[in-house]
2 protein chains.
Amino acid sequence: MRSYGQYCSVARALDAIGDRWSLLIVRELLLRGPCRYTDLLGGLPGIATNLLADRLRELEKAGILGREQAPPPVATALFALTPRGEQLAPVMRELGRWGAPLMAEPGGDAAFRSRWLKLPVELFLSDQTPDRPPVQIELRTGDEPMTIRTGDGEVRAHPGAAEDPDLVLSGTPQLVIGVLSGRLGLGDASADGLQYDGDPGALTRVRPPAA
Amino acid sequence: MRSYGQYCSVARALDAIGDRWSLLIVRELLLRGPCRYTDLLGGLPGIATNLLADRLRELEKAGILGREQAPPPVATALFALTPRGEQLAPVMRELGRWGAPLMAEPGGDAAFRSRWLKLPVELFLSDQTPDRPPVQIELRTGDEPMTIRTGDGEVRAHPGAAEDPDLVLSGTPQLVIGVLSGRLGLGDASADGLQYDGDPGALTRVRPPAA
DNA sequence: CAGCATCCGCTTTGATACTG
DNA sequence: CAGTATCAAAGCGGATGCTG
């Protein structure tokens with residue numbers, strides 16, 4: 001990208017990460033840790049291969065990510081954020097927070113990856129009753145399942161099915177997010193096609209307090 | 001901008017404000033409040049007039065800014081952030097924080113406006129000894145002067161000369177920022193061309209504690 | 001003069017095809 | 001798997017011209 005040519009820290013930040021796709025590449029690396037080229041391609045539906053290669057070069061030159069040699073079994077290169085790249089986490093958090101209300105509009109035919117739920121889940125959910133035994137909620141939204149889990153007063157999300165879920169939610173990303181955020185009641189959502197199995201109480205356990 | 005087509009809050013945020021120049025327009029409105037078209041042009045050196053008009057339309061459509069009719073004396077339209085637009089302040093803050101280290105590289109022939117100092121000043125400086133009487137430091141960096149002022153334990157910057165400054169710093173933006181941040185000593189900076197007049201103690205009063 | 005719209009050459013992006 | 005090559009389409013930057 002051509003530089004803005006302004007001696008201002010916001011402009012200089014955008015010189016480094018303001019290119020189309022750049023921040024989404026950082027998002028993938030923040031969510032997934034070190035990734036192969038193909039993993040990135042899969043996590044960034046819509047990107048062209050030449051652009052991914054270009055951006056990886058530029059982000060490497062800017063000190064935001066680096067290439068590592070993967071441990072013996074695989075023999076491929078991995079792209080990983082540098083410490084400087086990981087410092088973009090607060091930017092990503094605020095951007096995700098600001099963008100959250102935009103998720104209420106229908107997904108339509110937008111692409112979706114369950115890992116993307118990690119951001120909103122850990123930003124907005126919290127354990128309302130940390131003294132009670134932890135709960136697990138499994139989310140099935142199309143591609144891979146994702147499990148959210150309370151523990152130490154926090155709520156964490158990680159990929160994979162739960163071994164013993166208190167509640168399983170299956171449906172479109174929009175319905176699942178609506179129910180988790182509290183924007184939709186479980187009844188309304190299931191009338192719209194959400195399936196659930198287990199204890200609905202697990203939901204109130206993690207939902208944000210107000211609204 | 002073409003949408004990323006991803007059902008993710010970061011991607012949707014970037015759909016709205018990821019265009020070239022969009023966030024810098026928001027920066028200007030956050031720093032200056034409601035602005036005329038020409039004010040924006042002046043605060044965004046390098047932007048083409050058709051792009052500014054385009055972006056203002058798009059940002060208006062996205063609910064980020066609106067047009068107001070200016071009060072009687074002037075008869076022109078003013079562009080102002082909506083509440084939704086003002087919620088971008090945390091994004092701007094984190095972006096400015098992340099970009100701050102990039103300010104150590106020389107400005108070269110980059111454009112500069114003294115108002116842009118407001119962001120780093122209020123982000124990084126603080127009043128180290130709030131019990132003592134407040135101090136004022138006037139900054140002269142090329143265009144208009146800017147004054148920083150302690151009060152209620154905070155440090156605020158606003159445009160204009162100080163009526164009774166404890167210290168005046170004159171020089172390139174890079175030198176002034178270097179000295180304020182503590183990256184440069186006052187002696188080193190004045191060897192490099194920074195001029196100062198008044199009490200250097202005012203500097204240690206506001207400089208960040210560590211480093 | 002403030003607030004754009006139009007035109008034009010250049011750069012960036014997107015889609016697909018191809019290669020070590 | 002991890003890219004490079006190619007090319008059309010879209011976006012950008014700069015200049016200029018129009019309108020109240």
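In what follows, every chain begins at residue 1, and chains take the letters A, B, ... in the order their sequences are listed. This is a predicted model, so every value here is computed, not measured.
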Please say whether more than 12 non-hydrogen atoms of neighbouring residues, nucleotides or ligands are located less than 6.0 Å from CD in Q195(B).
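Open.
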Going by heavy atoms in the side chains, are [X] and [Y] under 4.5 Å from each other?
X       : Y       : result
T49(A)  : L41(A)  : yes
L44(B)  : R27(B)  : yes
E60(B)  : E58(B)  : no
L180(B) : L169(B) : yes

Integer-rounded Å distance: [N] [atom2] and [X] [atom1]:
X      : N       : atom1 : atom2 : answer
W21(A) : dA10(D) : CH2   : P     : 17 Å
L78(A) : dG3(D)  : CG    : C1'   : 15 Å
I25(A) : dG3(D)  : CD1   : C1'   : 14 Å
L14(A) : dC12(D) : CG    : C1'   : 16 Å
L41(B) : dA15(D) : CG    : P     : 14 Å
L24(B) : dG13(D) : CG    : P     : 11 Å

Do Q174(A) and R183(A) get their side chains close enough for a donor-acceptor pair, meaning under 3.5 Å?
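There is no such pair (donor and acceptor under 3.5 Å, judged by atom type) between the side chains of Q174(A) and R183(A).
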Classify the angle between the aromatic ring planes of Y4(A) and W21(B) as parallel (below 30°), tilted (30 to 60°) or perpendicular (above 60°).
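Perpendicular: the ring planes of Y4(A) and W21(B) meet at over 60°.
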Residue-level proximity of residues 45-64 of chain B to DNA chain C when a heavy atom falls under 4.0 Å:
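DNA chain C contact set from residues 45-64 of chain B: T49(B), N50(B), A53(B), R57(B).
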Students should find this one: the first and last nucleotides of DNA chain C, 5' to 3', lying under 4.0 Å from a heavy atom of chain B. What are they?
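In short, chain B contacts DNA chain C from dA2(C) to dA15(C).
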NZ/NE/NH1/NH2 to OD/OE distance under 4.0 Å, R149(B) and E163(B)
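Yes, R149(B) and E163(B) are salt-bridged.
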